[in-house]
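Counting starts at 1 for both ligands and their atoms, following the listed order. No experiment lies behind these values; they were computed from the predicted model shown.
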Amino acid sequence: MTSTKPNVVFVLGGPGAGKGTQCARIAEKYGYVHLSAGDLLREEAAKPDSSLGKEINEHIKNGSIVPVAVTCKLLENAMKKSGKENFLIDGFPRNQDNVNGWKESVGDRVNVQCVLFFDCDEQTCVARCLERGKASGRTDDNEASLKKRIVTYNDSTRPVIQLFDKENLVKRIDASNDVDKRFGEFLKYGLKGAVFALPCLITLMDKVATVSLVAGKSMQPLLNPTGLNSDWVVIKRWDIDDYFLQKGDIVSLESPREPQVYMIKRIKALENEIIYDTIKQKEIRVPKGHVWVEGDNKRDSYDSRHFGCIPRGLVTGRALYVIWPPKRFGTKLILHDSEDDDE
Ligand SMILES: Nc1ncnc2c1ncn2[C@@H]1O[C@H](COP(=O)(O)OP(=O)(O)OP(=O)(O)O)[C@@H](O)[C@H]1O
Ligand SMILES: O=c1ccn([C@@H]2O[C@H](COP(=O)(O)O)[C@@H](O)[C@H]2O)c(=O)[nH]1
């Protein structure tokens, strides 16, 4: 961390309200570091040598709250390790004890800018988690755990949101509806300029190739594997007609919803192919002149599952190699060699 105070935005709401989904978008667009307290706990518990794994897993399955010292330590470590200054802290603080623990260990060393409150009705939250549970592998995306998680949310987290509200920190977002409508709400709150000041994909060069900074977790584990140090990648630009896109290619593209916003995704289906949309739970035939793109990290990616097939013309280049940080230099991102990749 630098001498200026890091900025923190807390992100709260019921289980499955869409916090992670929107945080991924915000991180991708504005370069904020998305730290999900739940993800950090799951990562810690998955370490074979973790002395806390059993305790954390018990809490997660029961929807109860892990002792604040553990969660705070993980959050603080992740913030320090990132070297960045703007953080979305997703799913924390969850109860009064979390608030007190955070004040004691972090307190005034950070600037809490606001609390994004994803307000979503219980039925929608439960339905989304159960749907997610079909593929998430989470031990708590099931009816028994969800009942307990909802009780914890109502009894412990709602009062924390009310507390922040008294301090005028809460920005309420109607989280029951369309993903894009909700993203528009962040802009309405003026977060665009005031809070999320960094572009997610900074293009340094143009014409033949660009070097781009990848923000966000949507292509984990291939890109930004730790979520803390961002990768710089070489993007080969091409005249779209000169290169035949192939399934599996990692490409940069302009967002179909927000002009001038760029993202990196993998091509999952080409024109005339059929793809299964795991969110809408239906098969889609990709129309002529379009492709279907997804992030490798389904949980943290905003992609064709949300905005549908994209015209090929929005694809601006193909990712070739990681060039920074040094220890990741040369990580190959191409599955299919093309004649001019090494030019
Ligand atoms: N607006 C939406 N409409 C429909 N489905 C959505 C919407 N937002 C998110 N989802 C889906 O609902 C599920 C839960 O979303 P997400 O993981 O973002 O919630 P969360 O608030 O981070 O949950 P948790 O706190 O349990 O980790 C995901 O499968 C996601 O794809
Ligand atoms: O600050 C926190 C965050 C999470 N937990 C535990 O993890 C699960 C899952 O959290 P998600 O935000 O849904 O990923 C939660 O039910 C808690 O058991 C926590 O204890 N403290």
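- Each of the following atoms of ligand 2 lies closer than 4.0 Å to a heavy atom of I65: 20 (O).
- Of the N or O atoms in R94, one or more lie within a sub-3.5 Å distance of an N or O in ligand 2.
- At least one heavy atom of R149 sits closer than 4.0 Å to an atom of ligand 1.
- Of the heavy atoms in T71, only side-chain atoms (C-beta onward) come closer than 4.0 Å to ligand 2.
- Protein heavy atom closest to atom 8 (C) of ligand 2, with residue, atom name and distance, is I60 CG1, 3.9 Å.
- Looking at D140 against ligand 2, only its side chain comes within 4.0 Å, counting heavy atoms.
- Within the structure, ligand 1 lacks G13 among the residues with a heavy atom less than 4.0 angstrom away.
- The N/O atoms of R42, backbone and side chain alike, include one that comes under 3.5 Å of an N/O atom in ligand 2.
- I150 and V160 are members of different hydrophobic clusters when ILVMFWY side chains are connected at heavy-atom separations under 4.5 Å.
- Residue contact annotation: G91 has no non-hydrogen atom under 4.0 Å from ligand 1.
- Contact between R299 and ligand 1 is present, with at least one heavy atom of the residue lying under 4.0 Å from the ligand.
- Backbone and side-chain nitrogen or oxygen atoms of S64 are examined, and one is located within less than 3.5 angstrom of a nitrogen or oxygen of ligand 2.
- For the residues R305, K280, H306, R128, the heavy atom positioned nearest atom 11 (C) of ligand 1 is part of R128.
- Here I279 has side-chain heavy atoms under 4.0 Å from ligand 1, and that is the only part of it that gets that close.
- Listed by atom number, the atoms of ligand 2 under 4.0 Å from H59 heavy atoms are 18 (O).
- Atom 20 (O) of ligand 2 has as its closest protein heavy atom V66 N, 2.7 Å.
- Among protein heavy atoms, atom 19 (C) of ligand 2 sits closest to L41 CD1, 3.4 Å.
- Look at R138 and you'll find a heavy atom under 4.0 Å from some atom of ligand 1.
- Assignment of P15 to the shell around ligand 2 is not supported, since no heavy atom sits closer than 4.0 Å.
- Of the listed options R138, K19, K148, R138 places a heavy atom closest to atom 11 (P) of ligand 2.
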